[in-house]
Amino acid sequence: MAAGYHKRPDLTAERFVLDPFANNGTRMYRTGDLARYDSSGELQYLGRLDHQVKIRGHRIELGEIATALDSHSSVRRSVVTATELPGLGKSLVAYCEPADSNISTKALLDHVRKVLPAYMVPAAVVIMDALPQTPNGKIDRKQLPTPRTSTSTDYEAPKNELERRMAEIWADLLKVPKVGTSDDFFALGGHSLLAAQAFIRMKEELGIDLPLNVLFNRATISALAERWEQGRAEQIDLPQGVERLHEPDAEANVHPVALLWVHPLGGGGGGGLLSYREMARGLPTVRSFGIREAGEKFDTLDEMAQRYAERLCQTAPEGAVALAGFCFGGNLALEVARQMTAMGREVKDVFLLDAQPGNSTEPQSGRLLGAMKRFVKGSADDRQRLAIRVARKARHRLTSLIVGSEVNNYIPDLEEILDLKDYPQTYRDIARHHWILLHKHSLKEYTGAAMLMRSTPQQAAATAPQASTWSPFIANLVVETIPGTHEEFLRSQDMMHRVSKLIGDRLTPQERM
């Protein structure tokens, strides 16, 4: 356990308390969880003692949102709660006591979006003359009024057919009665997966082809429609499929290395580039670009990597580059790095985010042991998919022995491994095609430096990538383990923060980021 919080003696004293069961000065960490023993001696979890909540998979400290609101000049003080809202479910609601008459909910939400991730932006803001207090002067949360959601007031109807059809798509995905053109996507309960589905449907049904990261800055229908009508102005200087994920401030001391993020299995759909953008934000001085699938059908992963290498060389025509990619994207990033090196470009590093080679060199005994561990520790759905996969592979091997063909050409069906039923059809088709390219790809030696960030083997539903599977192809390989599962790599804020930290330390080892 850690000894305390860095440069926070007040928080250390509050959370790291003396162990009452020992006399040797050891300490315990006060988690904020409330529990009790029942009559049978079992420990029951009752909830939280502090104001930390979990909404849509994200653990959120309500005080952090209130602090962001309090930093606005028009707010005297604020409080944030997690409340059930009609049509939205459990949502964040902020109550603000104004410091002046210029306060507006839009200004407050715009302010919060600049300093906090989208999932921490309140779904509703209530302006009150004075926040209710208890007799001892604390804010009385029980007396806070029930907020009105944005779909019930201040509704702005679509002005044209494009906005009307966009509103229909959003309402269908967000499960709300109607969506106004000024309603915020994330305030209505949206998250990264729903955002990806919304953009895929808008592209397929309306022909709107915008980069997904635009939604963070323009999270309303009217803003997106205006952006589409104006054309993709901020992308005109970038090659096809390349998006700007993060650009340092003009006054920042910009890092000399450009970081190029290669899309995961679904081609950038399913929130892949959205998660990359979150990680890129943790590298404030680094120019970050993402490359997504642009509707092309490549016959081989080599051909795909060559095209991507050419585009990324155009994106960052001078100086050193580094590449990063999750899962399939790690395999592709490594091949892109090899081809960029062959073009004479300096590749400082390649970051493989929980990536497993398509043609693993792991011994059969190791694969069998890994399968047994997954069967024992996995969920019921994981065990069912694994059993189907093992049965099909056994049948393939038997057929191969009978007809005398090669047994190494077996490619498991992607949905034997991943549950894709909640993803759009376009995403599933792209993912299946990339899955086949990965398993047909023959890895080649890479002479540069690389870092493998692997999920925790004990927790991962799938076998975490081992250094032994990559070492035959990468001579200069460093391995780091990040607590969490493969499935959480692009969802867990803790894991994404750890990825940013490792990349930052690796690119600038003399500076602790």
Side-chain angles (χ1 to χ4, degrees), residues 169 173 191-215 232 235 238-243 245 260-277 289-312 323-336 339 352-359 385 389 411-441 462 486-487 489-491:
I169 292 173
L173 289 172
H191 49 75
S192 60
L193 179 56
L194 285 176
Q197 293 178 4
F199 269 56
I200 289 172
R201 284 188 57 179
M202 287 192 296
K203 180 178 179 180
E204 291 180 343
E205 299 175 26
L206 307 179
I208 297 177
D209 188 12
L210 288 170
L212 188 57
N213 66 322
V214 170
L215 189 60
R232 292 181 288 175
Q235 296 297 120
L238 295 177
Q240 182 184 17
V242 178
E243 298 180 12
L245 299 183
L260 312 173
W261 300 77
V262 181
H263 65 73
L265 197 65
L273 291 193
L274 209 59
S275 299
Y276 285 169
R277 186 177 185 274
F289 301 89
I291 187 164
R292 60 185 173 91
E293 184 273 340
E296 301 158 290
K297 276 285 188 178
F298 296 102
D299 294 328
T300 66
L301 194 134
D302 285 341
E303 179 188 351
M304 189 177 190
Q306 181 181 2
R307 190 72 57 83
Y308 282 15
E310 293 169 354
R311 290 174 186 166
L312 293 176
L323 290 105
F326 169 72
C327 195
F328 167 84
N331 283 266
L332 185 52
L334 188 68
E335 181 58 31
V336 171
Q339 298 209 24
L352 310 175
L353 311 185
D354 220 37
Q356 182 81 28
N359 292 327
R385 285 195 294 270
R389 182 181 176 186
I411 300 178
D413 189 280
L414 178 59
E415 299 198 37
E416 295 172 13
I417 300 170
L418 299 177
D419 184 3
L420 301 178
K421 66 177 181 296
D422 292 331
Y423 287 82
Q425 185 62 45
T426 302
Y427 177 94
R428 295 200 295 267
D429 292 341
I430 292 172
R432 290 189 192 103
H433 179 64
H434 289 168
W435 179 253
I436 293 171
L437 295 186
L438 174 64
H439 281 269
K440 288 183 176 180
H441 177 62
H486 180 82
E487 292 76 13
F489 233 89
L490 298 186
R491 296 202 299 260

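The basis for the numbers below is simple: all heavy atoms, side chains too, and nothing from hydrogens, waters or symmetry mates.
How far CG of L238 is from CD of E243: 9.0 Å, rounded to the nearest 0.5 Å. Rounding to the nearest 0.5 Å gives a distance of 14.0 Å between CZ of R432 and CG of L437. Once rounded to the nearest 0.5 Å, the distance linking CG of L245 with CH2 of W261 reads 8.0 Å. K297 contributes atom NZ, which lies 4.5 Å from atom NE2 of H433 (distance to the nearest 0.5 angstrom). Separating the CG atom in L173 from the CE atom in M202 is a distance of 9.0 Å, to the nearest 0.5 Å. A distance of 10.0 Å separates CG in L353 from NE2 in H486, rounded to the nearest 0.5 Å.
Between Y308 and F298, the angle of the ring planes goes over 60°, which puts this pair in the perpendicular group of the 30/60° scheme.
Residues C327 and A355 come closest through the heavy atom pair O-CB, 3.3 Å. Considering all non-hydrogen atoms of both residues, E335 and A305 come closest at CG-CB, 3.3 Å. Nearest heavy-atom pair across E293 and H263 is N-CD2, 3.5 Å. A pairwise comparison of heavy atoms in P264 and H434 identifies O-ND1, 4.4 Å as the closest pair. Here the closest non-hydrogen pair linking G241 and A294 is CA-CB, 4.2 Å.
When side chains are defined from C-beta on, L332 does not count as touching H441, because their heavy atoms never get closer than 4.5 Å.
Judged purely by atom type and a 3.5 angstrom limit, Q339 has no side-chain atom pairing as donor or acceptor with the backbone of E303. When atom types are taken as modelled, the side chain of Y276 and the backbone of I291 share no donor-acceptor pair closer than 3.5 angstrom. N331 places a side-chain N or O within 3.5 Å of a backbone atom of Q356 that can act as its donor or acceptor partner.
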- Could you go through the side-chain contact (heavy atoms from CB on, under 4.5 Å) check for L312 and L323 one step at a time? CA-CA 10 Å; L312 293 176; L323 290 105; 4.1 Å; yes
